[in-house]
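Numbering of ligands and ligand atoms starts at 1, following listing order. Residue numbers count from 1 along this sequence.
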Amino acid sequence: MTAQLNPRGDVAVLVPAAGAGVRLGPGAPKALRLLAGEPLLVHAVRRIAAAPSVHTVVVAAPAADVEAVRAMLAPVAPVTVVAGGAERQASVAAALGAVPAGPEIVLVHDAARALTPPGLVESVAAAVRAGHDAVIPVLPVVDTVKEVDAGERVLGTVDRAALRAVQTPQGFRRSVLTAAHEAAGDPLTDDAGLVEKLGVPVDCVPGSELALKITRPFDLALAEHLLATGA
Ligand code: CTP
Ligand code: MG
């Protein structure tokens with residue numbers, strides 16, 4: 001059954017899904033790789049569409065696969081599919097350009113974070129709604145972190161207490177994300193980074209271990225296990 005999006009919702013979710021998935025190894029573009037028999041992108045969109053504030057979903061697909069992705073997602077949720085670009089930032093910009101008038105909160109969410117719970121979409125959106133211009137979900141860093149030189153000699157130990165690992169969805173007041181992309185220079189892998197360059201404050205909310213980014217084969221195996229145990 002196709003999930004209905006909320007016509008009274010105030011949130012648009014952009015889903016960059018145009019990456020190759022080089023670190024996952026040879027095969028189809030990562031968003032189209034199967035996890036428990038379904039493409040990662042289907043898992044991701046199903047969870048986004050289950051978040052009650054979501055009005056619009058725009059997916060940036062690999063340029064060669066736009067039609068196939070449209071057909072694949074039609075039974076999942078009503079989504080707009082555009083062609084992505086060579087860098088993640090270009091894919092996000094393409095998706096942002098396809099958001100209709102209406103939603104004033106825009107979230108950017110990696111297709112590769114396929115198991116992200118709908119509740120995280122809601123908590124990021126709620127923080128923007130409450131008045132924050134830019135909001136990112138974060139987790140504490142669990143490993144000790146060292147800075148090293150080119151020869152792998154340790155230069156020092158970074159204070160872990162002040163570090164956070166950043167996930168998506170990242171949420172923005174629409175005008176802030178639009179301004180950040182208009183001002184963007186070198187491609188970054190993170191939209192909040194563009195907003196920081198504008199001097200706009202970025203605030204953190206608690207992330208979720210289920211929002212892990214599927215990057216390497218180990219992550220795919222972990223995600224299979226999490227799904228099998230009820231994620
Ligand atoms: N992405 C995108 N357009 C690009 C590059 C990345 O839309 N040109 C998307 C990916 O599809 C993914 C998200 O950005 O959902 C995060 O990127 P990453 O995890 O790095 O995915 P890939 O770029 O596909 O993986 P890799 O870097 O291993 O090739
Ligand atoms: Mg990448």
Go through ligand 1 atom by atom and flag the ones less than 4.0 Å from a non-hydrogen atom of Ala17. 7 (O), 11 (O)
Ligand-residue contact atoms, ligand 1 with Arg23, heavy atoms, under 4.0 Å: 18 (P), 20 (O), 26 (P), 27 (O), 28 (O)
State, with a plain yes or no, whether a side-chain heavy atom of Gln167 is found less than 4.5 Å away from one of Arg113. yes
For ligand 1, which atoms sit closer than 4.0 Å to a heavy atom of Ala86? 8 (N)
Number the atoms of ligand 1 from 1 as they appear, then name those within less than 4.0 Å of a heavy atom of Ala20, with their elements. 24 (O)
Which of the atoms in ligand 1, numbered in the order shown and given with their element, are less than 4.0 Å from a heavy-atom of Ala112? 15 (O)
Would you say the side chains of Asp203 and His132 form a donor-acceptor pair under 3.5 Å? yes
Those atoms of ligand 1 less than 4.0 Å from some heavy atom in Val22: 26 (P), 28 (O), 29 (O)
Which heavy atom of the protein is the closest neighbour of atom 21 (O) of ligand 1, given with residue, atom name and distance? Lys30 NZ, 3.2 Å
Sequence neighbours excluded - side chain to side chain donor-acceptor pair (under 3.5 Å) pairs with any residue from residues 35-54: Glu38-Arg46, Ser53-Glu122, Ser53-Arg129
For Ile136, what are the other residues in its hydrophobic cluster, where any two members join if their side-chain heavy atoms are less than 4.5 angstrom apart? Leu14, Val58, Val82, Val92, Leu96, Val99, Val106, Val108, Val138, Val166, Phe172, Val176, Leu177, Val195, Leu198, Val200, Val202
Are Gly21 and ligand 1 in contact, using a heavy-atom cut-off of under 4.0 Å? yes
Which segment of Ser91 sits under 4.0 Å of ligand 1 when only heavy atoms are counted: side chain
Can we say Arg88 and Asp191 salt-bridge, meaning some charged N sits less than 4.0 Å from an Asp/Glu carboxylate O? yes
Could any protein non-hydrogen atom be found less than 4.0 Å from atom 17 (O) of ligand 1? no
Short list, please: which atoms of ligand 1 are under 4.0 Å from a heavy atom of Lys213? 18 (P), 19 (O), 20 (O)
